[in-house]
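Notes follow once the structure below has been shown.
Only a predicted model underlies this, so the values are computations on that prediction, with no experimental measurement involved. Excluded from the calculations below are hydrogen atoms, water molecules and symmetry mates; all remaining heavy atoms, backbone and side chain alike, are included. Each ligand, and each atom within it, is numbered from 1 in the order the structure gives.
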Amino acid sequence: MAVINTLQAFVQTALALSFIFIAAFSGLEVIPERAKLEYVNEKYFYNLSVNVKRYSRSSSYYFNIEMTTKHVWTNNVTLHLIFNEYLHNEYQSSFIQLHHRFCDIIKYDKFIGTMVKQVGLECPMPAGTLQLMNFTLSLDKFPNVFPFQKCRVDAEVTITATNESMAAMCFYVSFKDTKRT
Ligand SMILES: *[C@@H]1O[C@H](CO)[C@@H](O)[C@H](O)[C@H]1NC(C)=O
Ligand SMILES: *[C@@H]1O[C@H](CO)[C@@H](O)[C@H](O)[C@H]1NC(C)=O
Ligand SMILES: *[C@@H]1O[C@H](CO)[C@@H](O)[C@H](O)[C@H]1NC(C)=O
Ligand SMILES: *[C@@H]1O[C@H](CO)[C@@H](O)[C@H](O)[C@H]1NC(C)=O
């Protein structure tokens with residue numbers, strides 16, 4: 001059974017790109033507080049579930065995703081990520097948006113390359129069941145790239161050629177700067 005770390009790829013890519021505009025280094029904890037599945041296209045998935053669990057009041061938040069895909073994924077699948085900042089009691093779309101083809105993320109993003117290999121995510125990604133369980137993110141040595149503390153990340157996977165939606169979900173995430181004094 002392969003293991004997928006799609007969200008990890010998303011977030012890491014966001015961080016990598018964000019080097020461009022923010023330079024200060026610090027520790028960054030990314031806390032996924034809630035996940036919501038908004039759409040699944042049954043042409044492409046047998047099933048897809050996503051959730052965030054906490055095992056006790058003091059435990060970390062764990063992110064889990066499980067899916068069984070019907071097709072091979074190559075660059076014919078594109079990932080879209082839109083960060084919406086929580087401001088004045090509502091989520092507002094921000095300038096941080098990513099639209100990347102699946103294999104390009106895996107092959108060319110040097111920040112995720114090693115991690116991707118560790119969990120066995122590959123390109124092309126064969127059809128079948130993919131699981132990511134108990135995933136947490138703690139990013140020491142990464143700059144605190146997010147100009148906000150709380151956001152909703154809208155994530156969508158589409159067919160590259162037509163932009164037909166395959167699945168859409170959103171994550172409510174907060175960022176904690178672990179080294180700020
Ligand atoms: C998803 O569907 C696949 C194929 O039908 C099945 O093997 C798998 O057990 C299902 N997973 C869940 C969580 O229902
Ligand atoms: C992507 O392309 C491969 C090979 O051309 C094809 O087998 C697969 O079904 C396509 N994937 C999707 C999601 O359409
Ligand atoms: C996830 O972590 C919790 C708490 O550490 C543990 O009880 C559970 O068995 C783990 N689940 C998986 C699938 O690893
Ligand atoms: C394709 O869909 C994504 C996700 O809904 C959207 O953000 C993007 O703007 C769309 N691209 C085009 C060219 O319509």
Side-chain angles (χ1 to χ4, degrees), residues 1-18 20-21 30 32 34-55 61-87 90-109 112 116-117 119-136 145-148 150-173:
M1 185 183 289
V3 177
I4 194 169
N5 68 343
T6 305
L7 178 70
Q8 192 167 12
F10 286 162
V11 174
Q12 294 282 350
T13 304
L15 289 165
L17 294 184
S18 303
I20 299 161
F21 44 87
V30 181
R34 206 147 52 84
K36 195 170 134 210
L37 189 61
E38 292 179 318
Y39 174 71
V40 180
N41 188 330
E42 289 181 0
K43 254 157 74 184
Y44 303 107
F45 295 92
Y46 288 106
N47 49 46
L48 170 57
S49 71
V50 55
N51 64 63
V52 172
K53 278 208 180 97
R54 216 179 173 191
Y55 296 97
Y61 291 89
Y62 292 97
F63 172 74
N64 303 294
I65 186 165
E66 187 171 6
M67 64 170 102
T68 303
T69 55
K70 294 186 178 177
H71 302 86
V72 175
W73 287 17
T74 64
N75 267 338
N76 56 7
V77 172
T78 295
L79 308 173
H80 305 269
L81 267 195
I82 295 168
F83 288 77
N84 303 278
E85 180 180 13
Y86 188 73
L87 200 63
E90 59 178 22
Y91 290 95
Q92 301 176 5
S93 129
S94 81
F95 60 96
I96 304 181
Q97 298 198 0
L98 300 167
H99 307 272
H100 279 317
R101 295 187 298 175
F102 183 71
C103 289
D104 289 350
I105 292 178
I106 294 175
K107 281 185 187 151
Y108 303 121
D109 195 321
I112 62 165
V116 160
K117 284 196 188 96
V119 297
L121 189 63
E122 55 189 329
C123 170
M125 183 177 82
T129 299
L130 305 158
Q131 263 188 329
L132 169 63
M133 306 296 280
N134 275 2
F135 174 69
T136 54
V145 293
F146 295 96
F148 35 79
K150 198 172 159 189
C151 73
R152 189 190 72 220
V153 184
D154 296 328
E156 188 164 357
V157 215
T158 66
I159 296 295
T160 304
T162 58
N163 217 30
E164 177 192 10
S165 186
M166 298 168 68
M169 58 192 80
C170 68
F171 305 99
Y172 294 86
V173 175

Contacting atoms of ligand 1, where contact means under 4.0 angstrom from a heavy atom of T68
1 (C), 2 (O), 3 (C), 4 (C)

Check: N47 N/O within less than 3.5 Å of ligand 1 N/O:
yes

Are there more than 12 heavy atoms of other residues, nucleotides or ligands under 6.0 Å from atom CZ of R34?
no

Please confirm whether the backbone N or O of E85 pairs with a side-chain atom of S94, one donor and one acceptor, at under 3.5 Å?
no

Which residue in the set D154, I82, L81, N84 passes side chain to side chain contact (heavy atoms under 4.5 Å, CB included) when paired with Q97?
I82

Which ligand 4 atoms are under 4.0 Å away from a heavy-atom of E156?
4 (C), 5 (O)

Is it the case that the side chain of T69 and the backbone of G128 share a donor-acceptor pair, with hydrogens and angles ignored and the cut-off at 3.5 Å?
yes

Check S165 against N41 and note the closest heavy-atom contact, atom names and distance.
O-ND2, 3.0 Å

Where does ligand 2 get N/O contacts under 3.5 Å from the protein, atom by atom?
{"residue": "ligand 2", "atom": "2 (O)", "partner": "N76", "partner atom": "ND2", "Å": "2.2"}
{"residue": "ligand 2", "atom": "11 (N)", "partner": "V72", "partner atom": "O", "Å": "2.8"}
{"residue": "ligand 2", "atom": "11 (N)", "partner": "N76", "partner atom": "ND2", "Å": "3.1"}

Taking a cutoff of less than 4.0 Å between a non-hydrogen atom of the residue and any ligand atom, is H99 in contact with ligand 4?
yes

Need the ligand 1 atom indices (1-based, order shown) with element for anything under 4.0 Å from a heavy-atom of Y46.
2 (O)

Does a donor on one side chain and an acceptor on the other come within less than 3.5 Å for T160 and T78?
yes

Start with the C-alpha gap between V50 and F171, add the side-chain angles, then the distance that decides, and say whether side chain to side chain contact (heavy atoms under 4.5 Å, CB included) holds.
CA-CA 10 Å; V50 55; F171 305 99; 3.8 Å; yes

Sequence-distant partners of Y172, ring-ring contact (aromatic ring centres under 6.0 Å, His included), two or more places apart:
Y91

